[in-house]
There are 2 protein chains.
Amino acid sequence: MTAHQKERLEEFVKVCKEKGLKITPQRLAVYEILLRRKDHPTVEEIYEEVKEIYPFVSLATVYRTVETLEELGFIKRVAYWGSSVRYDANIQEHDHLVCVMCGAILDLKADAGCRVPEEVNGFKVLSRSLYIYGVCPSCQKKD
Amino acid sequence: MTAHQKERLEEFVKVCKEKGLKITPQRLAVYEILLRRKDHPTVEEIYEEVKEIYPFVSLATVYRTVETLEELGFIKRVAYWGSSVRYDANIQEHDHLVCVMCGAILDLKADAGCRVPEEVNGFKVLSRSLYIYGVCPSCQKKD
DNA sequence: GTGTATGCAAACAGTTTGCACAGAC
DNA sequence: GTCTGTGCAAACTGTTTGCATACAC
């Protein structure tokens with residue numbers, strides 16, 4: 001676990017205490033898994049991983065935990081076009097670069113791809129989700 | 001119905017004939033509704049509208065029809081973070097402006113929100129999907 | 001000890017599927 | 001007449017909820 005991850009986990013514990021939420025092993029496990037994973041797991045996938053440590057954990061608990069984490073702003077729901085919701089502990093605004101050949105997904109620093117104005121068509125912009133689809137350097141060589 | 005919509009509908013009829021698919025009133029109705037609507041209705045919403053014309057239509061038929069339309073490339077599935085899938089008959093590349101309060105979705109001409117370079121991090125860019133989340137003018141007033 | 005979080009099972013919503021019949025060809 | 005498309009209901013999947021118990025405080 002990196003220093004940054006440890007820091008985030010401690011911040012989570014702090015916020016829970018402030019809000020009167022209990023620090024349960026399940027909550028810590030869910031957040032730790034999300035911090036460690038570089039992909040964007042579904043609730044089911046998180047559940048499977050928590051189960052390795054706490055075999056009696058319930059799927060409902062994982063759902064409730066990610067909801068709590070999202071409300072506290074520690075994780076973000078990822079807009080995906082699959083059927084189930086996915087979560088990401090990287091709460092910095094960032095874009096995604098997807099290789100259509102090999103499926104690799106790279107996180108992009110926000111504004112590396114493009115910049116969105118603060119207001120568009122009278123809408124007050126809160127966030128954005130940008131997926132750029134293309135061919136990565138190594139797949140370009142394969143052609 | 002605009003000339004463009006009529007043209008698209010005729011194209012659909014033509015492609016169906018080529019593929020040996022039957023031209024049923026339900027199919028025409030679903031595509032016509034999607035062509036006319038400027039938002040991105042859920043299957044349920046399309047179903048409600050078809051029912052006004054064909055009261056005995058089944059929800060399953062609407063699901064099957066949008067699947068067919070998508071396979072033929074006449075409509076696109078819209079990535080959304082609500083619980084149900086939405087469809088769009090505008091198959092040109094374009095961005096989306098989503099109101100997080102009321103769920104309204106506006107189409108944005110591609111590059112109205114932002115411009116993506118032809119190459120990012122060595123990736124050859126093919127297409128992109130941009131969703132801008134914010135609060136629409138009328139919801140801003142409601143606060 | 002108190003009260004929130006958990007585990008379980010049942011409920012729910014959106015979507016898909018199997019099957020007999022209807023209707024486009 | 002043939003064979004695909006439809007309508008109905010039942011099945012399925014992802015998610016939420018109610019309730020009794022467990023456990024963090």
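Chain identifiers are assigned alphabetically (A, B, ...) following the order of the sequence lines, protein sequences preceding nucleic acid strands; residue numbering begins at 1 within each chain. Reckoned from all heavy atoms, side chains included, excluding hydrogens, waters and symmetry mates.
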Atom pairs, N/O to N/O, protein against nucleotides 14-21 of chain C, distance under 3.5 Å?
from, atom 1, to, atom 2, distance (Å)
dT15(C), OP1, V85(B), N, 2.9
dT15(C), OP2, Y63(B), OH, 2.3
dT15(C), O5', Y63(B), OH, 3.0
dG18(C), O6, R64(B), NH1, 3.3

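- Side-chain contact of N90(A) with H40(A): a donor-acceptor pair under 3.5 Å is absent, judged by distance alone.
- A 6.0 Å sphere centred on CD of E18(B) holds more than 12 heavy atoms belonging to other residues, nucleotides or ligands.
- Salt-bridge formation is detected for the pair D95(B)/R128(B): a Lys NZ or Arg NE/NH1/NH2 atom is positioned less than 4.0 Å from an Asp or Glu carboxylate oxygen.
- Under the 4.0 Å criterion applied to side-chain N and carboxylate O atoms, E49(A) and R37(A) are assigned as salt-bridge partners.
- The closest side-chain heavy-atom distance from L72(A) to L21(A) is below 4.5 Å.
- One atom, CZ of F56(B), and another, C1' of dA22(C), lie 14 Å apart when rounded to the nearest Å.
- In this structure the side chain of V15(A) reaches within 4.5 angstrom of the side chain of F74(A), judged on heavy atoms.
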Each nucleotide N or O in nucleotides 23-25 of chain D that has a protein N or O under 3.5 Å away: list the pair and distance.
from, atom 1, to, atom 2, distance (Å)
dC25(D), OP1, I23(A), N, 3.2

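- Within the structure, no pair that satisfies the side-chain hydrogen bond (donor to acceptor under 3.5 Å, both in side chains) test touches residues 25-34 of chain B, not counting sequence neighbours.
- Computed from coordinates, the E18(B) CD to dC25(C) C1' distance equals 17 Å when rounded to whole Å.
- Looking at heavy atoms from C-beta onward, C16(B) lies out of side-chain contact with V13(B) at the 4.5 angstrom threshold.
- Pairs passing the salt bridge (Lys or Arg N to Asp or Glu O under 4.0 Å) check and including a residue from residues 51-72 of chain B, sequence neighbours excluded, read E48(B)-K51(B), E70(B)-R77(B).
- E45(A) places its CD atom 16 Å from the P atom of dT13(D), with the value rounded to the nearest Å.
- Here the C1' atom of nucleotide dG14(D) and the CD atom of E48(A) are 14 Å apart, to the nearest Å.
- With sequence neighbours left out, the ring-ring contact (aromatic ring centres under 6.0 Å, His included) criterion links Y87(B) to no other residue.
- Side-chain atoms of S129(A) and L130(B), non-hydrogen and from C-beta on, never get closer than 4.5 Å to each other.
- Listed pair T61(A) / dG7(C) meets the phosphate criterion, a side-chain N or O lying under 4.0 Å from OP1 or OP2.
- For the helix from dG1(C)-dC25(D) to dC25(C)-dG1(D), the angle separating the two terminal helix axes comes to 30°, with each axis derived from five pairs and the value rounded to 10°.
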